[in-house]
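Report on the structure given below.
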There are 2 protein chains.
Amino acid sequence: MQEAVEIVSEKGLNALTMSTLSAKVGVTEGALYRHFSSKNELIMDILNDIFLETTSQISEATSRKQSNAAKLQQIMENQLFLFKQRPAIANLLFAEEYFLTNHDIKILIYSIINTIQLYIQEIFENGKNSNEFKHNLNPRHISMMFLGTIRMLVMNWKLSDYQWDLPAQGKVFYHSFLEIIEEKNLNQ
Amino acid sequence: MQEAVEIVSEKGLNALTMSTLSAKVGVTEGALYRHFSSKNELIMDILNDIFLETTSQISEATSRKQSNAAKLQQIMENQLFLFKQRPAIANLLFAEEYFLTNHDIKILIYSIINTIQLYIQEIFENGKNSNEFKHNLNPRHISMMFLGTIRMLVMNWKLSDYQWDLPAQGKVFYHSFLEIIEEKNLNQ
DNA sequence: CTTTTGTAAGTAAATATTCACATACATGCA
DNA sequence: TGCATGTATGTGAATATTTACTTACAAAAG
């Protein structure tokens, strides 16, 4: 699974074939089928790992005692750092083309993204209640805008051939994002 | 090219093969090579059409005499309507997996997205100058957030099996977006 | 001695592309 | 009008390569 992730990181999901994987691992293709009944199962196992890793990171950030803005920043940082270290994670989570033809994978990706979105939505709800964020925010909408911003950043990062630093750009965007959603206390 | 767009709309870019296309058109595969020197050329020709269509729609919206907010809304509406009518356009513009291996296509998609982003950036700049939008907006950042929101909407739409109406949801999101970037004139 | 894990060599289907050859049609010329 | 020539467009079959997956058999490990 690690070698598979490496292939996807370096050359994309399309480059992950049983042939390239077996060569990289140093066994025959048949040996892979001793451990995974199909290529889809392999991908889903990897996705499940990503699911666990991502949600544990997010829930850790959520449960920590810090402002909602800080939680948001930590989640964005962690996520972009994950993408930077293992681009496969971005490639797999955003493999829209792939899940068009595979129902199981689609369901899995859907639940991953949905879970993440709900975590973030909760942060916006709390931030609203504590007057940290503006009262007129729609938590669901703004959480999707937040994720969309990350999505767009990653897309541009790929289009740039990974030329610039993703987490660094994320920080810049985070501040722009915060600027427009923060409640400015006029009485201070 | 029309039939190719239909295939991509219905079954995704991966389903577009010279074999499926020739069957749909009702000719042999060889005949296709009388008109396109390669599959890549076919895709790039289609992308060029999309480029022209999209940018002309955007520049039309930009040049019309209307508020910057209205321009933004019109662009979003047009774009989502295009995606709804021909999902191939979304599939092709967001075919990140595909352009990982093909440099020419990557460059083309990059220039399309970049052009769109610059148009939108300009709207935010003008909106700032006319006090329509908040003065603390970063036009580049906010334009990417705007596109990211659209990107995320389309992704969710696909994950939902196109169950809900994309332009309608777009309208809802547009209003949420406007709400947080609009300059509220406190003196009125 | 049974179970796990591997190999070597296959499978059928799909992929983009090419080939020699055929047809249709317009233009130019006798 | 009658015929030759050139060009655009098609066919049908073949190409080499890649794909996910299978099968018969062997070694190793507990």
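Just so we're on the same page: letters track the sequence lines, and every chain starts at 1.
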Without decimals, in angstroms, what is the distance between [X] [atom1] and [N] [atom2]?
| X | N | atom1 | atom2 | value |
| --- | --- | --- | --- | --- |
| B:N14 | D:dT19 | CG | P | 13 Å |
| A:Y33 | C:dA9 | OH | C1' | 15 Å |
| B:E41 | C:dA16 | CD | P | 15 Å |
| A:F36 | D:dT22 | CZ | C1' | 18 Å |
| B:I43 | C:dT15 | CD1 | C1' | 13 Å |
| A:L13 | D:dT19 | CG | C1' | 14 Å |
| B:Y98 | C:dT15 | OH | P | 12 Å |
| B:L42 | C:dT17 | CG | C1' | 14 Å |

> Start at the 5' end of DNA chain C and walk down; is the nucleotide closest to A:E29 or to A:L32 reached first?
Replying inline: A:L32
>> Regarding A:L21, tell me which of base, sugar-phosphate or nothing describes its non-hydrogen contacts under 4.0 Å with the strands shown.
In response: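 Result for A:L21 = nothing.
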> Is the phosphate of C:dG6, meaning OP1 or OP2, less than 4.0 Å from a side-chain N or O of A:T28?
Replying inline: no
> Side-chain N or O of B:H35 less than 4.0 angstrom from OP1 or OP2 on D:dA8?
Replying inline: no
Do the side-chain N and O atoms of [X] and [Y] include a donor-acceptor pair separated by under 3.5 angstrom?
| X | Y | value |
| --- | --- | --- |
| B:K158 | B:N91 | yes |
| B:N131 | B:E183 | no |
| A:Q79 | A:Q57 | no |

> Taking for each residue the nucleotide of DNA chain D with the nearest heavy atom, is it A:S19 or A:G30 whose nucleotide lies nearer the 5' end?
Replying inline: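 Closest to the 5' end, via its nearest nucleotide, is A:S19.
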Nucleotide nearest [X] (side chain, heavy atoms from C-beta), chosen from [options]:
| X | options | result |
| --- | --- | --- |
| B:S38 | D:dA20, C:dT17, C:dA20 | C:dT17 |
| A:K39 | C:dC21, D:dA20, D:dA24 | D:dA20 |
| A:A31 | D:dA20, C:dG6, C:dA16 | C:dG6 |

> Less than 4.0 Å between a side-chain N and a carboxylate O, is that true for A:E29 and A:R34?
Replying inline: no
> Going by the angle between their ring planes, with limits at 30° and 60°, are B:F94 and B:F83 parallel, tilted or perpendicular?
Replying inline: perpendicular
